[in-house]
Amino acid sequence: MKHLLSIEELDATQLNALIDSAIQLKTERGNHTIKPLAGQTWAMIFTKSSTRTRVSFEVGVRELGGSIMFLSSNDIQLGRGEPIKDTARVLGRMIHGCIIRTFDQQDVVDFSKFGNIPTINALTDEEHPCQILADLLTVKEKLGTWEGKKCVFIGDGDNNMSRSWIWAAKYLGFELVVAAPESCMPPQEFMDKVNAPNVTLTTDPAEAIKGADIINTDVWLSMGQEGQAEKEALFGAYQVNAELLSGAADDHIVLHCLPAYRGKEITEEILELHSDTIFQQAENRLHAQKAVLAAIAM
(Lines give C-alpha, C1' and ligand atoms only; values in the text may rest on other atoms or scores of the structure.)
Protein backbone atom coordinates (compact mmCIF):
# COMPACT_ATOMS: atom_id res chain seq x y z
CA MET A 1 0.00 0.00 0.00
CA LYS A 2 1.90 3.04 -1.28
CA HIS A 3 -1.00 5.50 -1.54
CA LEU A 4 -4.53 6.04 -0.27
CA LEU A 5 -6.38 7.40 -3.27
CA SER A 6 -9.80 5.81 -2.75
CA ILE A 7 -11.69 3.10 -0.88
CA GLU A 8 -12.29 1.54 -4.28
CA GLU A 9 -8.62 0.60 -4.56
CA LEU A 10 -8.50 -1.17 -1.18
CA ASP A 11 -9.89 -4.55 -0.15
CA ALA A 12 -11.35 -6.13 2.99
CA THR A 13 -7.96 -7.20 4.33
CA GLN A 14 -6.51 -3.70 3.99
CA LEU A 15 -9.59 -2.03 5.48
CA ASN A 16 -9.58 -4.30 8.51
CA ALA A 17 -5.82 -3.86 8.96
CA LEU A 18 -6.15 -0.06 8.90
CA ILE A 19 -8.96 -0.11 11.49
CA ASP A 20 -7.01 -2.46 13.75
CA SER A 21 -3.96 -0.20 13.44
CA ALA A 22 -6.06 2.87 14.24
CA ILE A 23 -7.35 1.19 17.40
CA GLN A 24 -3.81 0.40 18.50
CA LEU A 25 -2.50 3.88 17.70
CA LYS A 26 -5.42 5.44 19.56
CA THR A 27 -4.63 3.34 22.63
CA GLU A 28 -0.94 4.23 22.43
CA ARG A 29 -1.42 7.95 21.82
CA GLY A 30 1.25 9.91 23.65
CA ASN A 31 3.38 6.80 24.08
CA HIS A 32 4.36 5.80 20.56
CA THR A 33 7.57 3.77 20.72
CA ILE A 34 7.88 3.66 16.92
CA LYS A 35 7.59 6.84 14.88
CA PRO A 36 7.50 5.84 11.21
CA LEU A 37 7.65 9.43 9.95
CA ALA A 38 10.78 10.38 11.89
CA GLY A 39 13.02 12.53 9.72
CA GLN A 40 10.32 12.99 7.08
CA THR A 41 8.65 16.16 5.81
CA TRP A 42 5.11 15.94 4.44
CA ALA A 43 3.13 18.55 2.52
CA MET A 44 -0.58 19.28 2.58
CA ILE A 45 -2.02 20.80 -0.60
CA PHE A 46 -5.55 22.08 0.01
CA THR A 47 -7.78 23.80 -2.53
CA LYS A 48 -10.83 23.25 -0.31
CA SER A 49 -11.34 24.69 3.17
CA SER A 50 -11.04 22.36 6.14
CA THR A 51 -11.17 22.10 9.92
CA ARG A 52 -11.06 18.40 10.88
CA THR A 53 -8.92 17.27 7.95
CA ARG A 54 -6.22 19.88 8.36
CA VAL A 55 -5.95 19.67 12.13
CA SER A 56 -6.04 15.87 12.29
CA PHE A 57 -3.37 15.44 9.62
CA GLU A 58 -1.06 18.11 11.06
CA VAL A 59 -1.32 16.56 14.51
CA GLY A 60 -1.02 13.03 13.16
CA VAL A 61 2.14 13.65 11.13
CA ARG A 62 3.80 15.32 14.12
CA GLU A 63 2.79 12.58 16.55
CA LEU A 64 4.35 10.00 14.21
CA GLY A 65 7.62 11.94 14.21
CA GLY A 66 7.34 13.93 10.97
CA SER A 67 7.26 17.58 9.98
CA ILE A 68 4.38 19.10 8.04
CA MET A 69 3.91 22.11 5.77
CA PHE A 70 0.51 23.46 4.70
CA LEU A 71 0.24 24.74 1.13
CA SER A 72 -2.97 26.33 -0.06
CA SER A 73 -3.43 26.63 -3.81
CA ASN A 74 -2.79 30.36 -3.43
CA ASP A 75 0.59 29.69 -1.82
CA ILE A 76 2.07 27.74 -4.71
CA GLN A 77 2.11 27.88 -8.49
CA LEU A 78 -0.93 25.62 -8.82
CA GLY A 79 -2.92 28.76 -8.14
CA ARG A 80 -1.39 30.33 -11.25
CA GLY A 81 -2.08 27.41 -13.53
CA GLU A 82 0.94 25.13 -13.13
CA PRO A 83 -0.08 21.56 -14.05
CA ILE A 84 -0.43 19.19 -11.11
CA LYS A 85 2.10 16.83 -12.72
CA ASP A 86 4.77 19.55 -12.70
CA THR A 87 4.07 20.44 -9.08
CA ALA A 88 4.27 16.75 -8.24
CA ARG A 89 7.61 16.28 -9.96
CA VAL A 90 9.07 19.23 -8.05
CA LEU A 91 7.71 18.31 -4.61
CA GLY A 92 8.49 14.63 -5.14
CA ARG A 93 12.18 15.52 -5.10
CA MET A 94 11.94 17.45 -1.84
CA ILE A 95 9.33 15.90 0.44
CA HIS A 96 8.44 12.40 1.61
CA GLY A 97 4.67 12.39 1.15
CA CYS A 98 1.71 14.54 0.23
CA ILE A 99 -1.86 14.93 1.50
CA ILE A 100 -4.23 16.51 -1.02
CA ARG A 101 -7.72 17.94 -0.54
CA THR A 102 -9.17 19.15 -3.82
CA PHE A 103 -12.03 18.90 -6.29
CA ASP A 104 -10.86 16.58 -9.06
CA GLN A 105 -9.97 12.97 -8.24
CA GLN A 106 -7.65 12.93 -11.25
CA ASP A 107 -5.43 15.54 -9.59
CA VAL A 108 -4.73 13.14 -6.73
CA VAL A 109 -4.12 10.26 -9.12
CA ASP A 110 -1.77 12.36 -11.26
CA PHE A 111 0.16 13.60 -8.23
CA SER A 112 0.76 10.05 -7.03
CA LYS A 113 1.96 9.05 -10.50
CA PHE A 114 4.30 11.95 -11.23
CA GLY A 115 5.44 12.69 -7.68
CA ASN A 116 6.36 9.07 -6.97
CA ILE A 117 5.88 9.60 -3.23
CA PRO A 118 3.12 8.39 -0.88
CA THR A 119 -0.05 10.35 -1.64
CA ILE A 120 -3.23 10.56 0.42
CA ASN A 121 -6.63 11.66 -0.80
CA ALA A 122 -7.90 13.95 1.96
CA LEU A 123 -11.16 14.55 0.01
CA THR A 124 -12.14 14.96 -3.60
CA ASP A 125 -15.52 15.25 -5.27
CA GLU A 126 -15.28 11.53 -6.05
CA GLU A 127 -14.36 10.00 -2.69
CA HIS A 128 -13.55 10.76 0.96
CA PRO A 129 -11.60 7.67 2.04
CA CYS A 130 -10.15 9.09 5.26
CA GLN A 131 -13.59 9.96 6.57
CA ILE A 132 -14.94 6.48 5.86
CA LEU A 133 -12.07 4.90 7.80
CA ALA A 134 -12.91 7.14 10.77
CA ASP A 135 -16.58 6.18 10.42
CA LEU A 136 -15.77 2.46 10.40
CA LEU A 137 -13.56 2.90 13.47
CA THR A 138 -16.45 4.62 15.24
CA VAL A 139 -18.88 1.86 14.31
CA LYS A 140 -16.49 -0.76 15.68
CA GLU A 141 -16.06 1.17 18.93
CA LYS A 142 -19.77 1.81 19.40
CA LEU A 143 -21.32 -1.42 18.12
CA GLY A 144 -18.43 -3.86 18.26
CA THR A 145 -18.66 -4.71 14.57
CA TRP A 146 -20.27 -3.79 11.29
CA GLU A 147 -20.88 -7.42 10.43
CA GLY A 148 -24.58 -8.21 10.31
CA LYS A 149 -25.48 -4.56 10.76
CA LYS A 150 -27.76 -2.48 8.58
CA CYS A 151 -26.34 0.89 7.57
CA VAL A 152 -28.34 3.64 5.90
CA PHE A 153 -26.95 6.69 4.13
CA ILE A 154 -29.57 9.44 3.83
CA GLY A 155 -29.19 12.50 1.61
CA ASP A 156 -27.23 13.00 -1.58
CA GLY A 157 -26.64 9.49 -2.89
CA ASP A 158 -24.12 10.66 -5.46
CA ASN A 159 -21.57 12.53 -3.35
CA ASN A 160 -18.12 11.54 -2.15
CA MET A 161 -19.40 10.17 1.17
CA SER A 162 -22.08 7.94 -0.29
CA ARG A 163 -19.75 6.56 -2.95
CA SER A 164 -17.06 5.76 -0.38
CA TRP A 165 -19.64 4.05 1.84
CA ILE A 166 -20.81 1.98 -1.11
CA TRP A 167 -17.28 0.73 -1.78
CA ALA A 168 -16.78 -0.04 1.92
CA ALA A 169 -20.02 -2.05 1.99
CA LYS A 170 -18.94 -4.02 -1.06
CA TYR A 171 -15.67 -5.09 0.53
CA LEU A 172 -16.84 -5.58 4.12
CA GLY A 173 -20.19 -7.16 3.36
CA PHE A 174 -22.57 -5.21 5.61
CA GLU A 175 -26.00 -4.18 4.35
CA LEU A 176 -26.14 -0.63 3.03
CA VAL A 177 -29.23 1.25 1.91
CA VAL A 178 -28.82 4.60 0.19
CA ALA A 179 -31.93 6.79 0.49
CA ALA A 180 -31.92 9.77 -1.86
CA PRO A 181 -34.10 11.67 -4.32
CA GLU A 182 -34.22 10.00 -7.73
CA SER A 183 -32.10 12.70 -9.35
CA CYS A 184 -29.43 12.36 -6.64
CA MET A 185 -28.89 8.62 -6.92
CA PRO A 186 -25.50 7.19 -7.91
CA PRO A 187 -25.55 6.55 -11.66
CA GLN A 188 -26.26 3.05 -12.89
CA GLU A 189 -22.83 2.88 -14.49
CA PHE A 190 -21.27 3.34 -11.03
CA MET A 191 -23.54 0.74 -9.43
CA ASP A 192 -22.75 -1.73 -12.20
CA LYS A 193 -19.04 -1.16 -11.58
CA VAL A 194 -19.42 -1.75 -7.85
CA ASN A 195 -21.61 -4.84 -8.38
CA ALA A 196 -22.58 -5.23 -4.72
CA PRO A 197 -25.91 -7.02 -4.09
CA ASN A 198 -25.76 -5.96 -0.42
CA VAL A 199 -26.16 -2.30 -1.49
CA THR A 200 -29.65 -1.11 -2.38
CA LEU A 201 -31.06 2.24 -3.44
CA THR A 202 -34.42 3.75 -2.51
CA THR A 203 -36.23 7.06 -2.63
CA ASP A 204 -38.15 6.19 0.58
CA PRO A 205 -36.16 7.20 3.69
CA ALA A 206 -38.73 5.77 6.12
CA GLU A 207 -38.55 2.38 4.44
CA ALA A 208 -34.76 2.54 4.31
CA ILE A 209 -34.39 3.24 8.00
CA LYS A 210 -36.50 0.31 9.26
CA GLY A 211 -34.35 -1.68 11.66
CA ALA A 212 -31.21 0.31 10.79
CA ASP A 213 -28.28 0.10 13.19
CA ILE A 214 -26.20 2.88 11.64
CA ILE A 215 -27.72 6.05 10.18
CA ASN A 216 -25.32 8.27 8.30
CA THR A 217 -26.00 11.66 6.76
CA ASP A 218 -24.08 14.54 5.23
CA VAL A 219 -24.77 18.06 4.04
CA TRP A 220 -27.25 18.23 1.17
CA LEU A 221 -25.01 20.51 -0.88
CA SER A 222 -21.33 19.61 -1.11
CA MET A 223 -18.56 22.21 -1.27
CA GLY A 224 -18.86 24.10 -4.51
CA GLN A 225 -22.64 23.54 -4.72
CA GLU A 226 -23.63 26.27 -2.28
CA GLY A 227 -26.53 28.33 -3.54
CA GLN A 228 -28.15 25.53 -5.55
CA ALA A 229 -31.57 26.12 -4.06
CA GLU A 230 -33.32 23.85 -6.56
CA LYS A 231 -31.22 20.87 -5.52
CA GLU A 232 -31.55 21.63 -1.81
CA ALA A 233 -35.33 21.72 -2.16
CA LEU A 234 -35.32 18.03 -3.12
CA PHE A 235 -34.22 16.87 0.31
CA GLY A 236 -37.06 17.94 2.63
CA ALA A 237 -38.16 14.37 3.34
CA TYR A 238 -34.58 13.24 3.94
CA GLN A 239 -33.92 15.11 7.17
CA VAL A 240 -32.66 12.92 10.02
CA ASN A 241 -35.15 13.74 12.78
CA ALA A 242 -36.94 12.04 15.66
CA GLU A 243 -39.88 10.93 13.54
CA LEU A 244 -37.67 9.27 10.95
CA LEU A 245 -35.46 7.60 13.56
CA SER A 246 -38.48 6.04 15.28
CA GLY A 247 -38.22 3.22 12.76
CA ALA A 248 -34.54 2.47 13.44
CA ALA A 249 -33.15 -0.27 15.67
CA ASP A 250 -33.36 0.51 19.40
CA ASP A 251 -29.59 0.79 19.86
CA HIS A 252 -28.89 2.68 16.62
CA ILE A 253 -26.14 5.23 16.22
CA VAL A 254 -26.18 8.39 14.08
CA LEU A 255 -23.12 9.55 12.17
CA HIS A 256 -22.40 12.90 10.53
CA CYS A 257 -19.01 13.79 9.00
CA LEU A 258 -19.47 17.50 9.85
CA PRO A 259 -19.85 20.38 9.44
CA ALA A 260 -23.57 19.99 10.10
CA TYR A 261 -26.32 22.38 9.11
CA ARG A 262 -28.81 22.00 11.93
CA GLY A 263 -32.37 22.23 10.73
CA LYS A 264 -31.46 20.94 7.28
CA GLU A 265 -30.01 17.42 6.93
CA ILE A 266 -30.27 16.84 10.71
CA THR A 267 -32.19 18.51 13.51
CA GLU A 268 -30.57 20.22 16.47
CA GLU A 269 -32.30 17.72 18.76
CA ILE A 270 -30.90 14.64 17.04
CA LEU A 271 -27.42 16.03 16.57
CA GLU A 272 -27.14 16.85 20.26
CA LEU A 273 -28.70 13.53 21.29
CA HIS A 274 -26.01 11.71 19.30
CA SER A 275 -23.23 14.26 19.81
CA ASP A 276 -21.02 11.85 21.73
CA THR A 277 -20.90 9.52 18.72
CA ILE A 278 -20.61 12.31 16.14
CA PHE A 279 -17.70 14.04 17.87
CA GLN A 280 -16.01 10.72 18.61
CA GLN A 281 -16.31 10.17 14.86
CA ALA A 282 -14.60 13.53 14.30
CA GLU A 283 -11.79 12.66 16.73
CA ASN A 284 -11.31 9.33 14.97
CA ARG A 285 -10.13 11.16 11.86
CA LEU A 286 -6.85 11.59 13.73
CA HIS A 287 -6.43 7.93 14.62
CA ALA A 288 -7.58 6.53 11.28
CA GLN A 289 -5.28 8.87 9.36
CA LYS A 290 -2.34 7.99 11.58
CA ALA A 291 -2.98 4.37 10.61
CA VAL A 292 -2.86 5.36 6.94
CA LEU A 293 0.31 7.38 7.42
CA ALA A 294 2.00 4.51 9.23
CA ALA A 295 0.94 2.05 6.52
CA ILE A 296 2.34 4.02 3.58
CA ALA A 297 5.38 5.72 5.15
CA MET A 298 8.46 5.21 3.01
Side-chain angles (χ1 to χ4, degrees), residues 3-10 15 18 44-54 56-57 73 84 99-112 119-139 151-172 176-181 183-191 193-194 196 199 201 214-226 228 231-232 234-235 238 240 255-261 264-266 278 281-282 284-285 288-289 292:
H3 311 290
L4 177 64
L5 305 182
S6 67
I7 298 297
E8 176 185 356
E9 295 184 356
L10 301 182
L15 287 168
L18 287 169
M44 301 170 63
I45 298 177
F46 281 32
T47 59
K48 286 189 173 187
S49 59
S50 168
T51 299
R52 283 150 292 279
T53 301
R54 177 175 178 177
S56 56
F57 266 118
S73 58
I84 189 74
I99 300 153
I100 304 178
R101 181 179 175 94
T102 190
F103 293 89
D104 191 349
Q105 176 75 16
Q106 192 61 45
D107 283 348
V108 180
V109 173
D110 288 347
F111 191 98
S112 68
T119 304
I120 298 175
N121 175 359
L123 177 144
T124 65
D125 288 348
E126 183 67 25
E127 274 211 45
H128 198 353
C130 294
Q131 181 65 59
I132 299 306
L133 292 171
D135 294 356
L136 292 170
L137 173 57
T138 307
V139 169
C151 178
V152 177
F153 185 91
I154 298 179
D156 187 352
D158 192 29
N159 70 7
N160 51 16
M161 285 295 297
S162 57
R163 284 191 288 270
S164 293
W165 266 101
I166 289 170
W167 283 114
K170 173 184 174 63
Y171 296 134
L172 297 176
L176 175 66
V177 182
V178 177
S183 61
C184 299
M185 288 290 186
Q188 189 59 49
E189 180 182 5
F190 173 79
M191 296 304 297
K193 180 181 181 182
V194 175
V199 178
L201 310 178
I214 305 152
I215 297 90
N216 199 345
T217 191
D218 189 11
V219 295
W220 290 338
L221 300 178
S222 298
M223 278 184 282
Q225 297 180 348
E226 294 84 356
Q228 294 186 18
K231 180 178 180 180
E232 188 173 60
L234 299 171
F235 292 103
Y238 297 86
V240 176
L255 301 176
H256 194 306
C257 62
L258 301 177
Y261 293 92
K264 291 188 177 183
E265 74 275 3
I266 190 169
I278 290 169
Q281 177 190 3
N284 279 340
R285 290 291 301 279
Q289 289 161 189
V292 173

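All values below were derived from every heavy atom in this structure, side-chain atoms included, with hydrogens, water molecules and symmetry-related copies excluded. Sequential numbering from 1 along the given sequence is applied to the chain's residues.
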Item to check | Asp158 and Phe190, any side-chain heavy atoms less than 4.5 Å apart | outcome: no
Checklist entry - Under a 4.5 Å cut-off applied to non-hydrogen side-chain atoms, are Asp125 and Lys48 in contact? => result yes
Checklist entry - Are side-chain heavy atoms of Thr124 and Asp107 found at a separation under 4.5 Å? => result no
Checklist entry - Please walk me through it: do Ile154 and Ile215 pass side-chain contact (heavy atoms from CB on, under 4.5 Å)? => result CA-CA 7 Å; Ile154 298 179; Ile215 297 90; 4.1 Å; yes
Checklist entry - Short question: side chain of Ser112, backbone of Val109 - any donor-acceptor pair under 3.5 Å? => result yes
Checklist outcome for this item: To the nearest 0.5 Å, atom CD of Gln131 lies from atom CG of Leu136 at 10.0 Å
Item to check | Exam field: side chain Lys170 to backbone Ala196, donor-acceptor pair closer than 3.5 Å | outcome: no
Item to check | Distance, nearest 0.5 Å, that separates SG of Cys257 from CG of Asn160 | outcome: 7.5 Å
Item to check | Least distance between heavy atoms, Ser49 atom then Arg101 atom | outcome: O-NE, 3.0 Å
Checklist entry - Of all heavy-atom pairs between Gly155 and Pro181, which one has the smallest distance, and what is that distance? => result O-CD, 3.7 Å
Checklist outcome for this item: Taken to the nearest 0.5 Å, the spacing of Leu234 CG from Ser183 OG works out to 4.5 Å
Checklist entry - Which pair of heavy atoms, one from Phe57 and one from Ala122, lies closest together, and at what distance? => result CE1-CB, 4.0 Å
Checklist entry - Met191 versus Val199: any side-chain heavy-atom pair under 4.5 Å? => result yes
Item to check | Min side-chain heavy-atom separation Asn121-Thr119 under 4.5 Å | outcome: no
Item to check | Minimal non-hydrogen separation, Gln105 against Leu5, with atom names | outcome: NE2-O, 3.0 Å
Checklist entry - For Thr47, does its backbone N or O pair with a side-chain atom of Thr102 as donor and acceptor, under 3.5 Å? => result no
Checklist entry - Do you know the tightest heavy-atom contact between Pro129 and Ser164? => result N-OG, 4.1 Å
Checklist entry - Please walk me through it: do Cys130 and Thr53 pass side-chain contact (heavy atoms from CB on, under 4.5 Å)? => result CA-CA 9 Å; Cys130 294; Thr53 301; over 6 Å; no
Checklist entry - Do you know which two heavy atoms are closest between Ala180 and Gly157, and how far apart they sit? => result CB-N, 3.6 Å
Next on the checklist: Are Phe153 and Trp165, when compared by the centres of their aromatic rings, separated by less than 6.0 Å?
Outcome noted: no
Item to check | salt_bridge(Arg163, Glu8) N-O dist < 4.0 Å | outcome: no
Item to check | The single option from Lys231, Glu265, Met185 passing side-chain contact (heavy atoms from CB on, under 4.5 Å) against Asp156 | outcome: Lys231
Next on the checklist: So does His256 get a backbone contact from the side chain of Gln281, meaning a donor-acceptor N/O pair under 3.5 Å?
Outcome noted: yes
Checklist entry - How far does CD of Glu126 sit from OG of Ser6, to the nearest 0.5 angstrom? => result 8.5 Å
Checklist entry - Do Asn159 and Ser162 have a side chain donor and acceptor closer than 3.5 Å? => result yes
Checklist outcome for this item: Result for side-chain contact (heavy atoms from CB on, under 4.5 Å) between Trp167 and one of Ile132, Leu15, Val194 points to Val194
Checklist entry - Have Gln289 and Ser56 got a donor and an acceptor in their side chains that come within less than 3.5 Å? => result yes
Checklist entry - Between atom CG of Leu4 and atom CG of Leu18, what is the distance when rounded to the nearest 0.5 Å? => result 7.5 Å
Next on the checklist: Check this for me: Tyr261, atom OH, are more than 12 non-hydrogen atoms of other residues, nucleotides or ligands nearer than 6.0 Å?
Outcome noted: no
Item to check | Residue pair Asp218, Asn216: steps toward the side-chain contact (heavy atoms from CB on, under 4.5 Å) verdict | outcome: CA-CA 7 Å; Asp218 189 11; Asn216 199 345; 5.8 Å; no
Next on the checklist: Within this structure, what is the CD1-OG1 distance for the pair Ile266 and Thr217, rounded to the nearest 0.5 Å?
Outcome noted: 6.5 Å
Item to check | Lys264 vs Glu232 side-chain heavy atoms within contact, under 4.5 Å | outcome: yes
Item to check | Heavy-atom check, side chain of Pro259 versus side chain of Thr51, under 4.5 Å | outcome: no
Item to check | Donor-acceptor contact present, side-chain Glu127 to main-chain Ile7, <3.5 Å | outcome: yes
